[in-house]
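Below, each value reflects all heavy atoms present in this structure, side chains not excepted, and no hydrogens, waters or symmetry copies. Computed from a prediction, not measured in an experiment: that's the story for all the values here.
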Amino acid sequence: MRSKKRGIWAVTCSVLLVGSLLAGCTGTKKEVSNATPTGTSTAAAPASSASGKQLNLTWMRYENPTQAVIADSQAVQEIMKRKNIKLDIQSVPQSNYEDKKKTLIATNSLPDVIMVKQDDISNNADSGVFLDLTPYLDKMPNFQKIIKDHPEVNKNKIDGKLFGFPLITSWSTQAGQVPMIRTDMLTKLNLKTPTTYEELYQVLKKFKEANPASFPFTSRAANGLTGTENLVNPIAFGFGSGYTTPTGAKVYYDDATKKYTFGPATPEFKDAITWLHKLYKDKLLDPDYTVSTSQIWQEKLSAGKSFFFQDNNAFGSNFNIALQKTDPNAKFDLIPTLASDKGVKRNAVYQLDHIQESYAISAKVKDPTAVINFIDWLYGEEGVRLTGWGIENVDYTINNGEYKISDATLAKFKDKPDPYRAMGSALGLNYLGLSLNVDDHPMIPVSPKETLTWSDMNLKALSDGIVFRQTFDPPFTKDEREKLKQLRTQLDAYMTQTLDKFIITEGALNDWDAFVKQCLDKGAKEIETIYNTALARVK
């Protein structure tokens, strides 16, 4: 079921999310070539600045808890040597990034380059804070090729203009917000694997009885969504409704109807909230779900304090590595799609790219052409290799199109809890580092096998029509953007203040109809209409 796409990325090793990467990366029998591939130069390139002087750039992005951002990583140092560009890397913890970013945008106090979401661009394209990249497109041959190979990038245009350089990630493994459970505990307590949400509730009760201090189901805030949004999204979808788009707008794309819908107005959404309230009441749901960060969430699942999550299954491998240090039998595993009490069976999985995350350039930047040239270089072969693998013939070699991480580089990180992420931090690699053009085919895991098994299960469910990829927002007109700002401001504030009480407070669901009416009065249906009108233009 795995993608057959390989190209030059045919590979003899793997290092993704594993603590045992050495087993997969040192066994190649091919002789390593020491020659530099055609078209790649290891000599210092000319300065990007038109004046020939050193170019100084402030560069801001979030720091994912799985991989620290090191300001003077190897990639940063090499960029200085090769391009005469000094990068001042400004990282912000992911849990605080949204607030920091929005403040900088609102006050027009941006660094030279900043990581944003498409929603940020859509909401601020008319304010003049971001540089319009459109006049520079003919100066970017590498990026032009990206657009040709990934025409979906054109969906990021605002009124025909492009304001951000998207992260191009060609994932070959499929992950998503799918149910992951401690199967060793099912065996230990002589419980059957749950097949419905009601059966899951009963299983979680048994987990709680066996571990009274635990909260079996835990969740987190992630990817710009609040803890409530990230908890409700997969559960509501699994019950046959939905909550938000990936940008947080309070409508969801329904694959059955091929349109956007305001979820809380559907009976299936209330069913999902009722189920979550039942878990909260019985102390099965982590009461910190509204404020839990990714780091806190990972600590709980890695330490045996929680036993179920419906979120990115790729984290399961890391949890298993941590758990098995003290309990060799401990194991999170993906279980088949759960059914609601109405017979609905579906999960949401991620898109295989990150084009809704981009690097935008401040409109105040002193030398826009130099910055444009540099970012175009990052999309090109030399930039891709430096920010994806490191330094050729030092960190990796290529022989007959096959990439191999060097033994010396592997040895530096083999004793780290997560060698791949440690390597990524030190070398400034991948989409959590400096790369804008990422292909994970070289990183397809050999060990543990479970990551590939879960990917195959997700792809099989996708082909069976019970798993659906998340849908990015369509492009909006200027009038639509302005109207959405107004409507979302009032609706989002109300829902953020109100929805949690239905999960937390006993008896609150008696007021559900009044809540839905207030949402409709505050523009929920208008938002739904705007989204569907915009969607119709791109079909």
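- Annotation: side chain of Pro166 is not in contact with side chain of His150 (no heavy-atom distance under 4.5 Å).
- Residues Gly390 and Gln74 come closest through the heavy atom pair CA-NE2, 3.8 Å.
- Listed for the Ser358 side chain is no donor-acceptor partner under 3.5 Å among the backbone atoms of Ala360.
- Between Trp59 and Phe374, the ring planes lie perpendicular to each other; the angle is over 60°, past the 30° to 60° tilted range.
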| message | Walk me through whether Phe130 and Phe163 qualify under ring pair (Phe, Tyr, Trp, His ring centres under 6.0 Å). | response | CA-CA 6 Å; Phe130 300 132; Phe163 292 90; 7.3 Å; no

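- Between Lys250 and Glu229 there is a salt bridge, since at least one side-chain N of the basic residue sits less than 4.0 Å from a carboxylate O of the acidic one.
- No side-chain heavy atom of Thr471 sits under 4.5 Å from any side-chain heavy atom of Tyr252.
- By the 30° and 60° cut-offs, the orientation of the rings of Phe309 relative to Trp297 is perpendicular.
- Judged by distance alone, the side chain of Asn458 and the main-chain N or O of Gln174 form a donor-acceptor pair under 3.5 Å.
- Remark: the backbone N or O of Val251 is not paired with any side-chain donor or acceptor of Glu528 at under 3.5 angstrom.
- With contacts defined as side-chain heavy-atom distances shorter than 4.5 Å, the pair Gln518/Thr498 does not qualify.
- Put simply, the side chain of Gln298 reaches to within 4.5 Å of the side chain of Pro65, judged on heavy atoms.
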| said: Evaluate Val232 against Ile273 for side chain to side chain contact (heavy atoms under 4.5 Å, CB included), listing each step before the verdict. | reply: CA-CA 8 Å; Val232 173; Ile273 299 300; 4.2 Å; yes

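- Considering every non-hydrogen atom in both Leu110 and Val129, the closest pair reads CD1-O, 3.7 Å.
- A side-chain donor from one of Thr247 and Thr245 sits under 3.5 Å from a side-chain acceptor of the other.
- Residues Asn230 and Gln177 have side chains that bring a donor and an acceptor to within less than 3.5 angstrom of each other.
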| task | Could you check Tyr289 against Asp500 for side-chain hydrogen bond (donor to acceptor under 3.5 Å, both in side chains), going step by step and ending with a plain yes or no? | result | CA-CA 10 Å; Tyr289 75 85; Asp500 287 315; 2.8 Å; yes

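- A donor-acceptor pair under 3.5 Å is absent between the side-chain atoms of Glu392 and the main chain of Ile398, judged by distance alone.
- In summary, the side chains of Asn233 and Thr244 do present a donor paired with an acceptor at a separation below 3.5 Å, with no hydrogens or angles considered.
- A salt bridge between Glu482 and Lys478 is absent, with no side-chain N of the basic residue lying under 4.0 Å from a carboxylate O of the acidic one.
- To the nearest 0.5 angstrom, Gln90 atom CD is 8.0 Å from Lys100 atom NZ.
- For the pair Pro234/Asn347, no side-chain contact is recorded, criterion being any heavy-atom separation below 4.5 Å from C-beta on.
- Rounding to the nearest 0.5 Å places NZ of Lys101 at 12.5 Å from CG of Asn96.
- Using modelled atom types, one side-chain atom of Glu63 and one backbone atom of Val69 make a donor-acceptor pair closer than 3.5 Å.
- Here the options are Phe269, Phe237, Phe262, the test is ring-ring contact (aromatic ring centres under 6.0 Å, His included), and the partner is Tyr243; only Phe269 passes.
- Here the straight-line distance linking atom CZ of Arg82 with atom CD of Glu382 works out to 5.0 Å at 0.5 Å rounding.
- The two residues Ser294 and Ala222 have their closest heavy-atom pair at OG-CB, 4.1 Å.
- Checking side-chain atoms of Trp454 against main-chain N and O of Asn313 turns up no donor-acceptor pair under 3.5 Å.
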| Evaluation steps, side chain to side chain contact (heavy atoms under 4.5 Å, CB included), between Ile158 and Ser122 | CA-CA 7 Å; Ile158 307 295; Ser122 181; 4.3 Å; yes

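- Not a single donor-acceptor pair under 3.5 Å links the side chain of Asp112 to the backbone N or O of Val365.
- Here CG of Leu432 is found 8.0 Å from CD of Gln94. Values are rounded to the nearest 0.5 Å.
- Remark: the backbone N or O of Thr228 is not paired with any side-chain donor or acceptor of Thr290 at under 3.5 angstrom.
- Judged by distance alone, the side chain of Arg481 and the main-chain N or O of Phe476 form a donor-acceptor pair under 3.5 Å.
- At most 12 heavy atoms of other shown residues, nucleotides or ligands fall within 6.0 angstrom of atom NZ in Lys148.
- The environment of NZ in Lys485 is crowded: more than 12 heavy-atom neighbours from other residues, nucleotides or ligands sit within 6.0 Å.
- Residue Ile146 holds its CD1 atom at 5.5 Å from CD1 of Ile168, rounded to the nearest 0.5 Å.
- Taking 4.5 Å as the limit, some side-chain heavy atom of Gln351 sits within range of a side-chain heavy atom of Phe472.
- Inter-residue side-chain proximity for Thr226 and Thr496 is flagged as unmet; no heavy-atom pair is nearer than 4.5 Å.
- Salt bridge status for Asp464 with Lys345: absent, with no side-chain N to carboxylate O gap under 4.0 Å.
- Using a 4.0 Å cut-off between charged nitrogen and carboxylate oxygen, Asp254 and Arg346 count as a salt-bridge pair.
- Leu535 is not listed as a side-chain neighbour of Lys258, based on a closest heavy-atom distance of 4.5 Å or more.
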| query | Under the side chain to side chain contact (heavy atoms under 4.5 Å, CB included) criterion, do Asn223 and Lys117 qualify, and how do the steps go? | reply | CA-CA 10 Å; Asn223 303 317; Lys117 288 190 171 183; 4.3 Å; yes

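- Ring-plane geometry between Phe515 and Phe502 is classed as tilted, the angle between the planes lying from 30 to 60 degrees on a 0 to 90 degree scale.
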| task | Step by step, work out the side chain to side chain contact (heavy atoms under 4.5 Å, CB included) result for Leu436 and Phe165. | result | CA-CA 8 Å; Leu436 278 79; Phe165 290 103; 3.9 Å; yes

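- In terms of heavy-atom proximity, Phe143 sits nearest to Asp376 at N-OD1, 2.7 Å.
- Smallest separation of non-hydrogen atoms from Ala75 and Leu386: O-CD2, 4.1 Å.
- A salt bridge is absent between Asp456 and Lys460: the closest approach of a Lys/Arg side-chain nitrogen to an acidic carboxylate oxygen does not fall below 4.0 angstrom.
- In this structure, Ile530 CD1 and Leu484 CG are separated by 4.0 Å, a value rounded to the nearest 0.5 Å.
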| CA sep, side-chain torsions, deciding dist, call: Thr477, Asp479, side-chain hydrogen bond (donor to acceptor under 3.5 Å, both in side chains) | CA-CA 5 Å; Thr477 66; Asp479 288 344; 5.5 Å; no

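- In this structure, Tyr253 and Tyr260 have perpendicular ring planes: the angle between them is above 60°, well past the 30° mark.
- Using modelled atom types, one side-chain atom of Lys364 and one backbone atom of Asn108 make a donor-acceptor pair closer than 3.5 Å.
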